[in-house]
Amino acid sequence: MKASFWTQFRILFIEQTAGIRFSDFLIVMLLAALLTFVPGYYLHIKRGTSFTRLIHVYITVFYIGIMLLFTIIRRDVGSRSGKIATDFDFGITIRGMYSRRQVIYCLMNVVLFVPFGFLMGMFRKDQSSGRIIIMTMLLGFISSFCIEVTQHITKTGVFEVTDLATNVTGTVIGAVIAALLTCTFREIRKNDNEKR
């Protein structure tokens, strides 16, 4: 009997997080704090950088560390083939799903990059919605490309065009959420100013 979609999702998620310990999260958390708050203290005192901005930078650095933990750091160098897969394989055709496993991998890649797109999009909150989405999408592509190249060179994974596409999709979803929130906050501020 075949496992349900969500049972298989759980199994693959456990497989993809194998080798990551709670102590790894703590190390990433501490490194992110050092990289953010040590220079951030100087910027806060000397340049008046807001504490909210520092928290945003900290969460972003922490999340990038988590992404690297999932995609590169947890894997042993040389443990994968280091191949290049140039075909798009989402596990779905017009006729339906032919590989539930591939669909789940694609979903995981999308979900991994949604917070990244949101956090990066919020750095551009003073820009237009279109610019937020386009610039964040470019950043998502560059980041995903760098991860794929690193996986290929270190043989900690396979360079997959499908991963690039799904990672960029996740980034765009996060950027759209950031752009919508930004527009909503602008409207609220505008209405508050008009009432005064």
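Being a predicted model, the structure only gives us computed values, none of them experimental. Below, all heavy atoms of this structure are taken into account, side chains as well, without hydrogens, waters or symmetry copies.
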Quick one: CD1 on Ile11 to CD1 on Ile104, what's the gap to the nearest 0.5 Å?
8.5 Å
Residues sharing Val38's hydrophobic cluster, by side-chain heavy-atom contacts under 4.5 Å among ILVMFWY, directly or via others?
Leu34
By ring-ring contact (aromatic ring centres under 6.0 Å, His included), which residues pair with Tyr58, not counting sequence neighbours?
Phe37
Quick check against the 3.5 Å criterion: does Thr162 have a side-chain atom that pairs as donor or acceptor with the backbone of Asp89?
yes
Atom CG in Leu164, atom OG1 in Thr169: separation rounded to 0.5 Å?
10.5 Å
Heavy-atom side-chain contact between Phe13 and Met108 under 4.5 Å:
yes
Side chain to side chain contact (heavy atoms under 4.5 Å, CB included) filter on Thr52, not counting sequence neighbours, yields Ser50
Measure the spacing between CZ of Arg189 and OG1 of Thr184 and express it to the nearest 0.5 Å.
11.0 Å
Check whether any side-chain heavy atom of Ile84 lies under 4.5 Å from a side-chain heavy atom of Val158, and answer yes or no.
no
Going by side chain to side chain contact (heavy atoms under 4.5 Å, CB included), name the residues that satisfy it together with Val103, two or more places apart in sequence or in a different chain.
Phe5, Ile92, Met97
Nonpolar side-chain network containing Ile14, other nodes, edges under 4.5 Å:
none
Taking every non-hydrogen atom, the tightest pair across Val114 and Ile177:
CG1-CD1, 4.5 Å
Could you give the distance from CG (Leu107) to CG (Leu12), rounded to the nearest 0.5 Å?
11.0 Å
In a table with atom names and distances, give each donor-acceptor pair under 3.5 Å that connects a side chain of residues 61-70 to protein atoms at least two apart or in another chain.
unit_1 : atom_1 : unit_2 : atom_2 : d
Tyr63  : OH     : Leu112 : O      : 2.5

Only pairs under 3.5 Å count here: list side-chain donor-acceptor contacts from residues 120-132, not counting sequence neighbours, and write none if there are none.
unit_1 : atom_1 : unit_2 : atom_2 : d
Arg124 : NH1    : Gln127 : OE1    : 3.1
Ser128 : OG     : Arg131 : N      : 3.3

Which donor-acceptor pairs under 3.5 Å do the side chains of residues 143-150 make with protein atoms, sequence neighbours left out?
unit_1 : atom_1 : unit_2 : atom_2 : d
Ser143 : OG     : Leu139 : O      : 2.8
Ser144 : OG     : Asn167 : ND2    : 2.7
Glu148 : OE1    : Glu160 : N      : 3.0
Thr150 : OG1    : Cys146 : O      : 2.7

Transitive ILVMFWY side-chain link Ile55 to Val57, under 4.5 Å:
yes
Kindly work out whether a path of hydrophobic side-chain contacts (I/L/V/M/F/W/Y, heavy atoms less than 4.5 Å apart) joins Leu35 to Ile59.
yes
Answer with yes or no whether the hydrophobic clustering places Val168 together with Ile133; edges join I, L, V, M, F, W, Y residues whose side-chain heavy atoms lie under 4.5 Å apart.
yes
Should Phe159 and Ile73 be counted in the same cluster of Ile, Leu, Val, Met, Phe, Trp and Tyr side chains packed under 4.5 Å apart?
no
Using modelled atom types only, decide if a donor and an acceptor are shared between the side chain of His56 and the backbone of Leu119 within a distance under 3.5 Å.
yes
Quick note, side chain to side chain donor-acceptor pair (under 3.5 Å) partners involving residues 107-120, not counting sequence neighbours, are Asn109-Asp163
Going by chain and number, the hydrophobic cluster around Val161 (ILVMFWY, side chain to side chain under 4.5 Å) further includes Phe88, Phe90
In the structure I gave you, are the side-chain heavy atoms of Ile72 and Gln151 within less than 4.5 Å of one another anywhere?
yes
Where at least one partner belongs to residues 10-37, residue pairs that pass side chain to side chain donor-acceptor pair (under 3.5 Å), sequence neighbours excluded
Glu15-Arg101, Glu15-Tyr105, Gln16-Arg74
Examine Phe25 together with Phe22 and report whether their ring centres are nearer than 6.0 Å.
no
Members sharing Ile45's hydrophobic cluster, built from side-chain contacts under 4.5 Å between Ile, Leu, Val, Met, Phe, Trp and Tyr, are Tyr41
Looking at CZ of Phe118 and OG1 of Thr60, how far apart are the two atoms once the value is rounded to the nearest 0.5 Å?
9.5 Å
Minimum heavy-atom separation for Pro115 to Val111, with atom names?
CD-O, 3.2 Å
Are Val28 and Ile20 joined in one hydrophobic group, where the rule is that I, L, V, M, F, W and Y side chains link up if heavy atoms are under 4.5 Å apart?
yes
Quick one, Ser4 and Gln8 - any side-chain contact, counting heavy atoms below 4.5 Å?
no
